[in-house]
Every structure is written in C-alpha cells, then in structure tokens.
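Only one structure is covered here, and it is reproduced in the block below.
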Number of protein chains: 2
Amino acid sequence: MRIGELARRVGVSTRALRYYEQRGLIRSRRSANGYREYDESDVRIVTEIRELMSVGFTLEDARPFVDCLRSGHPSGGSCPESVAVYRRKLAEIDREIRDLLARRSEVAAQFADACPGCLLRRGES
Amino acid sequence: MRIGELARRVGVSTRALRYYEQRGLIRSRRSANGYREYDESDVRIVTEIRELMSVGFTLEDARPFVDCLRSGHPSGGSCPESVAVYRRKLAEIDREIRDLLARRSEVAAQFADACPGCLLRRGES
DNA sequence: CTTGACCTTGTCACCGGCGTCAAGCTTTAC
DNA sequence: GTAAAGCTTGACGCCGGTGACAAGGTCAAG
C-alpha cells in the first residue's frame, strides 16, 4: 500500500509517517515512480508507535519496540531493551508525579501566604 | 542600578532580564548612554517572577502578579487576577497529576501485557 | 593609550513532533 | 484532454526561555 492508505489505516498523517522514516523508525520500498510502498508489518509497527506515543513515549523511546517487532517478536515490548524502556518510563512518570505534588503544595503555600483565606473558602487542602 | 547588578542581586542572567523587558514584564529607564536603569521595585518584581517560575508558572502567568505589585499592593498575589491565576494553576497541576496517574497505569498495563511477570518481580502495583 | 569589564541590539540554536506551504511529478476518473 | 487527488522533496514555523555569539559603544583604572 502507499503512504496515504497506511496513514488512513493507522490514523496518522502522511507527514508523520515521512517523519518517522526520516528518523529511521520505519522503512519503505519505492515503486518505479518513486512512491513509498508499505505492507502489513508496517501497519503493525506504526500502530505500536502510536500506542506508545499515546501514553507519553517519545519516538526514541519507541525505537527498541520497533526493532523488537522487526526481529520477529509478536510483541514489541517483550525484548530486554523494550523492558528497560518500560522501567525507565515508569520511573520517569513516578518522578514527574512526585515533582508535581511538590509543586502543587508550593503553589498552595505561596497562595495561602499571598492571600490568606482564599484557599480555605474552597475547602482546598 | 544597571542590568548587571540587578541580575546579580536576583540571581538571573542579563539575557533573561532583557527578555522579560521584551515581553513587557519589566520596564527600564535609560541613562544618557543608553544603559538600562533599575530601582529597588524592580528587584522585588523580578524576584516575584522567579519565585513564580520556580514553581512552574510561565511568564504570562506572572504578568498579573507584576501588575499587582506595580499597582501598589505589597503582595503580588493578592489581586483578583493573581488569585484567578493561582486557582487556574492549581487546577492545571491537578489535571496533570491525574493525567500522569492515568498514563502510569496505562503504561503498567501495556507492560504487563507485553511482558507478563516483569512487573510482579518488582512488586509494582 | 590601552585593557578589560560592562553595556547595546540583533540573530541563530535548542527541543519534539509534526503542520503547512511550495513547486512539481503521477495516476485516476470522467 | 483535463481536473482532481495523491505522491515527491525541501524548507519554514511553532512553543518557552533562554544560551551563545557577533559586532559594536562606554567607562574607569592603570
């Protein structure tokens, strides 16, 4: 299939697909006229990329998953490199949550300091 | 005082101060040679900006606080506009925390799905 | 007079993931 | 035959908050 069909099937722009190719995440054969040609395995790969991105992974994060799929694994997340990324992302998210909680209380403290009573009226902690 | 001294006193780069001026957050008189001139009130304003930024406010978020200080209030956070920003930021942070928690469980679920047993060994929830 | 510290404006670069246009080719449908 | 749709590469723009550099003007000390 050509780029437009792949884009439609996965629900992504052709621009994004060309970008993924430029970053080396997907590949394409070229037909005689220069058009990119894809097959079913590319649908799988791009779907995996989008799933990962939908939960906050970057394209680089997705790379090991793509490699894992290409090497024949039925799941992109079962290779050691992918597992390492999973663990790293979980740790990252945990850190971000901790940072946000800390920031929240700092903001609430500044708020309470600058405007005593403002928070209480809303029942904030 | 000139820009270098203000920068040193608040602990911010001169580049940042010029940027704040360009964005209309601080102002400066110019001495005969074209140098920017500041006074104590500017120290207060820039300090307020940095405090807000340190807890994740953008420059635009800081604008009402600066206006509040300029209008003579002893605290930048006591004006209605500032209070609105505080509330908005708290709501924003709360939303981000919720999103992160949701993402965390999605990642954990994908992980568990792709690599059964990987998470359990770490005692993750 | 010169050095060096300080000031000026202006510009490019960064990071991620594209959107969007430009200018031109191919293919398909009528 | 032609218009529309689809494809190609290339390049700029965005967002925020600077860092870093260029190419100069200014001022005090030696």
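Below, read A as the first sequence line, B as the second, and so on, with proteins coming before strands; counting in each chain starts at 1. These figures come from a predicted structure and were not determined experimentally.
- Heavy-atom distances under 4.0 Å link DNA chain D to Arg50(B), Met53(B), Thr58(B), Leu59(B) of residues 43-70 of chain B, given in residue order.
- Every residue two or more places apart in sequence or in another chain was checked for a side-chain hydrogen bond (donor to acceptor under 3.5 Å, both in side chains) with Arg27(A), and none qualifies.
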B/S/- contact track for nucleotides 21-30 of chain C, protein heavy atom under 4.0 Å: -----BS---

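- Remark: Arg23(B) engages Glu60(B) in a salt bridge (Lys or Arg N to Asp or Glu O under 4.0 Å) (not counting sequence neighbours).
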Contacts table for residues 40-47 of chain A: side-chain donor-acceptor under 3.5 angstrom, sequence neighbours left out:
residue  : atom : partner  : partner atom : Å
Glu40(A) : OE1  : Arg9(A)  : NH2          : 3.0
Glu40(A) : OE2  : Arg9(A)  : NH1          : 2.9
Ser41(A) : OG   : Asp39(A) : OD1          : 2.7
Asp42(A) : OD2  : Asp39(A) : N            : 3.0
Arg44(A) : NH1  : Glu48(A) : OE1          : 3.1
Arg44(A) : NH2  : Pro74(A) : O            : 2.8
Thr47(A) : OG1  : Val43(A) : O            : 2.6

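- With a heavy-atom cut-off of 4.0 Å to chain B, the contacted part of DNA chain D has its first and last nucleotide at dG17(D) to dC27(D).
- Thr58(B) is linked by a side-chain hydrogen bond (donor to acceptor under 3.5 Å, both in side chains) to Asp61(B), counting only residues two or more places apart in sequence or in another chain.
- Here Ser13(A) reaches the OP1 or OP2 of dG19(C): one of its side-chain N or O atoms lies under 4.0 Å away.
- Contact check of residues 16-25 of chain A against DNA chain C (heavy atom, cut-off under 4.0 Å) returns Ala16(A), Tyr19(A), Tyr20(A).
- The disulfide (SG to SG under 2.5 Å) analysis of residues 15-68 of chain B, with sequence neighbours excluded, yields the pairs Cys68(B)-Cys79(B).
- A side-chain donor from one of Tyr20(B) and Arg50(B) sits under 3.5 Å from a side-chain acceptor of the other.
- A rotation axis mapping the C1' atoms of four pairs onto the next four is fitted at both ends of the helix from dC1(C)-dG30(D) to dC30(C)-dG1(D) over five pairs, and the angle between these axes is 30° to 10 degrees.
- Legend: residues meeting salt bridge (Lys or Arg N to Asp or Glu O under 4.0 Å) with Arg36(A), ordered by chain and number and at least two apart, are Glu21(A).
- Every residue two or more places apart in sequence or in another chain that forms a side-chain hydrogen bond (donor to acceptor under 3.5 Å, both in side chains) with Asn33(A) is listed here: Ser31(A).
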